[in-house]
Amino acid sequence: MTTAVTPLQMLAGTNHFGKAQPHWNLLGPPSEGIDREFSARVDFEREFNSPPVVHIGIAGLDVEGSDAVRVRVRARHIDRAGFTVLLSTWFGSQVHGVDVNWIALGT
């Protein structure tokens, strides 16, 4: 049995998130193990027919060197039109900015 594969679409981008943005809270007092989180919406250039698979990664960091670097990046709330980037840090890590690369694959 052969199954036809619909041609895939791919979109990719790089976004910078940092302390100049409203609600940036990855700088601040130590969090005692509770994550400090920042989220922002990324809208695709065009919509997919259904929610795509999104691969996301860190492309650059601007952090203070006085403590360990603790940064996590995740893609959440993926839909046909975009997704939400969730950045987090914890304890005494101080993050001034994060560059994020992403690729979305779907139909």
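Keep in mind it's a predicted model, so treat the numbers as computed, not measured.
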Check step by step if side-chain contact (heavy atoms from CB on, under 4.5 Å) holds for Leu11 and Ile103.
CA-CA 6 Å; Leu11 295 174; Ile103 296 174; over 6 Å; no

Mark yes or no for whether Asn25, through its side chain, and Glu37, through its backbone, hold a donor-acceptor pair below 3.5 Å.
yes

Does anything in residues 56-77 pair up under ring-ring contact (aromatic ring centres under 6.0 Å, His included), and if so which pairs, sequence neighbours excluded?
none

With a 4.5 Å cut-off on side-chain heavy atoms, are Asp35 and Arg72 touching?
yes

Would you sort out whether Asp99 and Asn15 count as a side-chain contact (heavy atoms from CB on, under 4.5 Å), showing the intermediate values?
CA-CA 6 Å; Asp99 294 326; Asn15 296 78; over 6 Å; no

Is there a path of hydrophobic side-chain contacts, each under 4.5 Å between heavy atoms of I, L, V, M, F, W or Y residues, that connects Val42 with Leu105?
no

Is any side-chain heavy atom of Ile58 closer than 4.5 Å to a side-chain heavy atom of Val71?
yes

May I ask you to decide if Pro30's main-chain N or O and Trp90's side chain share a donor-acceptor pair within less than 3.5 Å?
no

Kindly compute the distance separating CG (Asn101) from OG1 (Thr14), expressed to the nearest 0.5 Å.
3.5 Å

Tell me the closest heavy-atom pair linking Gly92 and Asp67, and the distance in Å.
CA-OD2, 3.1 Å

What's the shortest heavy-atom distance between Phe44 and Asp79, and which atoms?
CE1-O, 3.6 Å

Could you go step by step and tell me if Thr107 and Leu8 meet the side-chain contact (heavy atoms from CB on, under 4.5 Å) rule?
CA-CA 5 Å; Thr107 58; Leu8 288 177; 4.2 Å; yes

Heavy-atom pair of closest approach, residues Gly97 and His16
CA-CE1, 4.1 Å

In terms of hydrophobic clustering (I, L, V, M, F, W, Y; side-chain heavy atoms under 4.5 Å; direct or indirect links), are Leu86 and Leu61 co-clustered?
no

Audit row: Glu64, Leu27, side-chain contact (heavy atoms from CB on, under 4.5 Å) steps and yes/no
CA-CA 9 Å; Glu64 288 186 20; Leu27 284 169; 4.2 Å; yes

Identify the two heavy atoms, one from Gly106 and one from Phe48, that lie closest to each other, and give their separation to 0.1 Å.
N-CE2, 3.6 Å

Partner set under side chain to side chain donor-acceptor pair (under 3.5 Å) for Gln9, not counting sequence neighbours:
Arg46

Judged by atom type as modelled, is there a donor-acceptor pair below 3.5 Å linking the side chain of Gln94 to the main-chain atoms of Gly28?
yes

Note, Val73 side chain near Val98 side chain (heavy atom, < 4.5 Å)
no

Tell me whether Arg36 contacts the main-chain N or O of Leu87 through its side chain, where contact means a donor paired with an acceptor under 3.5 Å.
no

Do the ring planes of Phe17 and Phe38 sit parallel (below 30°), tilted (30 to 60°) or perpendicular (above 60°)?
tilted

Arg80 and Pro51 have their tightest heavy-atom pair at CG-N, 3.8 Å

Would you say Ser93's side chain and Arg70's backbone share a donor-acceptor pair under 3.5 angstrom?
yes

Tell me whether His55 at atom NE2 has more than 12 heavy atoms from other residues, nucleotides or ligands lying less than 6.0 Å away.
no

Nearest atoms (heavy-atom pairs only) where Pro52 meets Ile78
O-CG2, 3.4 Å

